[in-house]
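Chain letters run A, B, ... following the sequence lines, proteins first, then strands; residues in each count from 1. Please read these numbers as outputs of a predicted model, since none were measured by experiment.
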Amino acid sequence: MTTNASYMAIWKVVRTIPRGRVASYGQVARLAGLPKNARLVGVALGAGDRLKLPWHRVMNAQGRIALPPNSRGYREQSRLLREEGVIVTKGKVDLKRFGWKAGGESPLLD
DNA sequence: GACATGACATAAC
DNA sequence: CGTTATGCCATGT
């Protein structure tokens with residue numbers, strides 16, 4: 001009951017993150033209806049289809065890449081993000097600017 | 001079934 | 001901006 005259904009819910013949310021925007025693990029977990037499973041989101045991403053999921057748009061609550069610096073994924077993530085116009089500096093992004101506000105659109109930025 | 005892990009979050013120093 | 005401590009919970013040993 002936990003696994004597959006939860007993963008699907010998570011993937012669904014992740015697929016919803018707009019280009020050039022990022023969301024935190026906790027945020028995704030909440031939107032997926034799994035408030036306490038921020039950690040599971042990471043697992044779900046790893047289990048998902050990296051070619052079909054915008055996994056790179058998910059980072060921790062501090063807007064920081066949650067992968068070991070220098071690791072392949074780390075570089076890949078920053079690359080993909082920059083490719084979408086997201087400014088990544090020292091492995092982190094400004095959530096004030098690129099953070100995704102589900103539902104409510106942000107009239108000022110962007 | 002106890003124990004250790006981890007792509008997390010939040011709060012307090 | 002950094003470190004420490006706690007809470008959480010699915011997974012793997």
*Which of the following nucleotides, B:dT10, B:dC8, C:dC8, is nearest to the side chain of A:Lys36?*
C:dC8

*If you measure from the C1' atom in C:dG7 to the same atom in B:dG6, how many Å do you get, rounded?*
14 Å

*Whole angstrom value for the distance that separates P of C:dC1 from CG of A:Asn60*: 12 Å

*Start with the C-alpha distance between A:Arg21 and A:Lys101, add both sets of side-chain angles, then the distance that settles side-chain contact (heavy atoms from CB on, under 4.5 Å), and finish with yes or no.*
CA-CA 9 Å; A:Arg21 283 280 157 89; A:Lys101 278 67 172 171; 5.6 Å; no

_Distance-only donor-acceptor test, A:Arg39 side-chain atoms vs C:dC8 base atoms, 3.5 Å_ = yes

*asked:* Could you check whether any side-chain N or O of A:Gln77 sits under 3.5 Å from a backbone N or O of A:Val58, counting only pairs where one atom can act as donor and the other as acceptor?
replied: yes

*Given atom CD of A:Gln62 and atom C1' of C:dG2, what is their separation to the nearest angstrom?*
11 Å

_Whole angstroms only, please: what is the OH-P distance between A:Tyr25 and C:dG7?_
24 Å

*Within the structure shown, what part of the strands sits under 4.0 Å from A:Lys92 by heavy-atom distance: base, sugar-phosphate, or nothing?*
sugar-phosphate

_Starting the side chain at C-beta, find the nucleotide from C:dC9, B:dA7, C:dT11 nearest to A:Tyr7._
C:dT11

*Who pairs with B:dA7 - Watson-Crick or G-U, where each distance is under 3.5 Å*: none

_Expressed as a whole number of angstroms, how long is the span from A:Trp55:CH2 to B:dC8:P?_
13 Å

*Quick one: are A:Leu80 and A:Glu76 in side-chain contact, heavy atoms under 4.5 Å?*
yes

_Under-4.0 Å side-chain N/O to phosphate OP1/OP2 contact, A:Ser24 with B:dA9_ = yes

*What distance do A:Trp11 atom CH2 and A:Leu45 atom CG have between them, rounded to the nearest 0.5 Å?*
9.5 Å

*A:Leu40 CG to C:dA10 C1': how many Å, rounded?*
6 Å

*How many Å lie between CG on A:Leu53 and P on B:dA7, as a whole number?*
18 Å

*Is the CG atom of A:Asn70 crowded by more than 12 outside heavy atoms at less than 6.0 Å?*
no

_Nearest whole Å is fine: how far is B:dA9 P from A:Leu95 CG?_
10 Å

_Rounded to whole Å, how long is the line connecting atom CZ of A:Arg64 with atom P of C:dT3?_
12 Å

